[in-house]
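Note that the structure is a prediction, hence the values are computed from the model and not measured. Chain identifiers are assigned alphabetically (A, B, ...) following the order of the sequence lines, protein sequences preceding nucleic acid strands; residue numbering begins at 1 within each chain.
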Amino acid sequence: MAEKGKKVMVTVRKAPHGSIYVQESIEVMFIFATYEMDLSVVFLDDGVLALQAGQDTKDLGIKGFMASLGALVDWEVTKVYVDRQSLKDRGIPEDAIIAIGKDDDSGAPIRPTVLDSAEVAAMMTEQHSIVSF
Amino acid sequence: MLHTVNKSPFQNSALENCLRLARDGDVILLLEDGVYAAAVGTVKSSLIEQAVRRHAVYAIEADLKARGLDKLIKQVHIASYGDFVDLVEKHPVHAWL
């Protein structure tokens, strides 16, 4: 049984629609949140492509998971981070990434927090376990 | 010959390997995660920016839309699944998986 409050991290390093990895990572985020673990999520390398705005999977005949990503905060997945260098390498402006929820009071969009590689690395060393996708 | 690339250019070297062996006049088709190579302003954009001088380069529209890509290298042709079929009919195919 998962121990409450243990620090766990989910890392997402795959591009969103070419494989099932990102979809699976979201399932795992929701499970960890349900067990009230101290969850951090980091999007890095090709994982940041999942945060690109304007994704529409209709013509691929799949539902996609943009709605799930947009509701992470509602599921109490609030510590969500994205690696600055990975965004830069892929030409994605930091202010153009999708929102993962809305602030309860102001209604302002909440976006993943952009971090430098050293900050991501430091956070990794604090975890009890890291689950990678 | 028609070369198809379905892997992200940031993840492995499939596109680079393809472009190294493709001969002048060969056609390149980007699909699935391969379409990320058609985006402007990335660390890998120069691959396709150079490739369009030697090749007709296509990218599948449904894959572009699924990934939210709308700022593309301008010489890249946007292809429907029907166009894909036409290309496969016309050329022998080498899939760089």
Side-chain angles (χ1 to χ4, degrees), chain A residues 11-26 42-70 82-100 109 111-112 117 132-133, chain B residues 4-16 18 28-52 58-85 95-97:
Chain A
T11 59
V12 184
R13 296 186 46 256
K14 301 288 195 298
H17 309 295
S19 69
I20 198 76
Y21 283 100
V22 178
Q23 174 82 62
E24 292 290 322
S25 77
I26 295 168
V42 183
F43 290 87
L44 72 163
D45 300 329
D46 269 2
V48 304
L49 297 166
L51 303 176
Q52 182 120 28
Q55 298 177 63
D56 177 1
T57 55
K58 184 173 76 255
D59 290 353
L60 293 187
I62 56 173
K63 187 164 155 239
F65 40 75
M66 299 319 290
S68 303
L69 283 179
V82 54
D83 175 51
R84 176 169 282 125
Q85 184 67 45
S86 305
L87 286 174
K88 189 163 175 257
D89 288 350
R90 289 159 185 78
I92 304 173
E94 291 178 17
D95 56 5
I97 57 178
I98 60 162
I100 54 168
R111 295 178 206 288
S117 310
S132 21
F133 291 90
Chain B
T4 66
V5 178
N6 74 337
K7 297 296 188 296
S8 159
F10 311 106
Q11 193 81 0
N12 70 22
S13 54
L15 177 62
E16 271 145 306
C18 163
I28 312 291
L29 175 73
L30 305 172
L31 71 162
E32 300 169 9
D33 287 342
V35 299
Y36 286 116
V40 292
T42 81
V43 289
K44 296 292 181 180
S45 296
S46 63
L47 290 172
I48 292 298
E49 283 164 0
Q50 284 168 30
V52 294
Y58 294 83
I60 296 286
E61 183 171 27
D63 290 318
L64 293 166
K65 278 167 73 178
R67 290 160 181 79
L69 297 180
D70 49 10
K71 296 184 187 74
L72 306 180
I73 294 160
K74 70 168 190 287
Q75 296 89 342
V76 172
H77 306 284
I78 295 177
S80 65
Y81 288 125
D83 297 329
F84 187 2
V85 173
W96 296 74
L97 298 178

Looking only at heavy atoms and a cut-off of under 4.5 Å, which of A/L49, A/T57, A/I62, A/I92 has the most pairs with chain B? A/L49

pair B/L69-A/Q52: side-chain heavy atoms closer than 4.5 Å: yes

Distance-minimising heavy-atom pair for B/Y81 and A/D59: CE1-O, 4.2 Å

Would you check if B/D63 and A/L60 make a side-chain contact, meaning some heavy-atom pair closer than 4.5 Å? yes

Below 4.5 Å, heavy-atom pairs only: which of B/G68, B/S8, B/A66 has the largest tally toward chain A? B/A66

Working to the nearest 0.5 Å, report the span between CG of B/D70 and CG of A/D56. 11.5 Å

Would you name the heavy atoms of A/D89 and B/F10 that are closest together and state the gap between them? O-CE2, 3.8 Å

Pair B/Q11-A/K14, side chain to side chain contact (heavy atoms under 4.5 Å, CB included): steps then yes or no: CA-CA 8 Å; B/Q11 193 81 0; A/K14 301 288 195 298; 3.8 Å; yes

Please check if atom CZ in A/F133 has more than 12 non-hydrogen atoms from other residues, nucleotides or ligands closer than 6.0 Å. yes

Under the 6.0 Å and 45° cation-pi test, does A/R90 pair with B/Y36? no

Considering only heavy atoms from C-beta outward, does the side chain of B/E32 approach that of A/H17 to under 4.5 Å? no

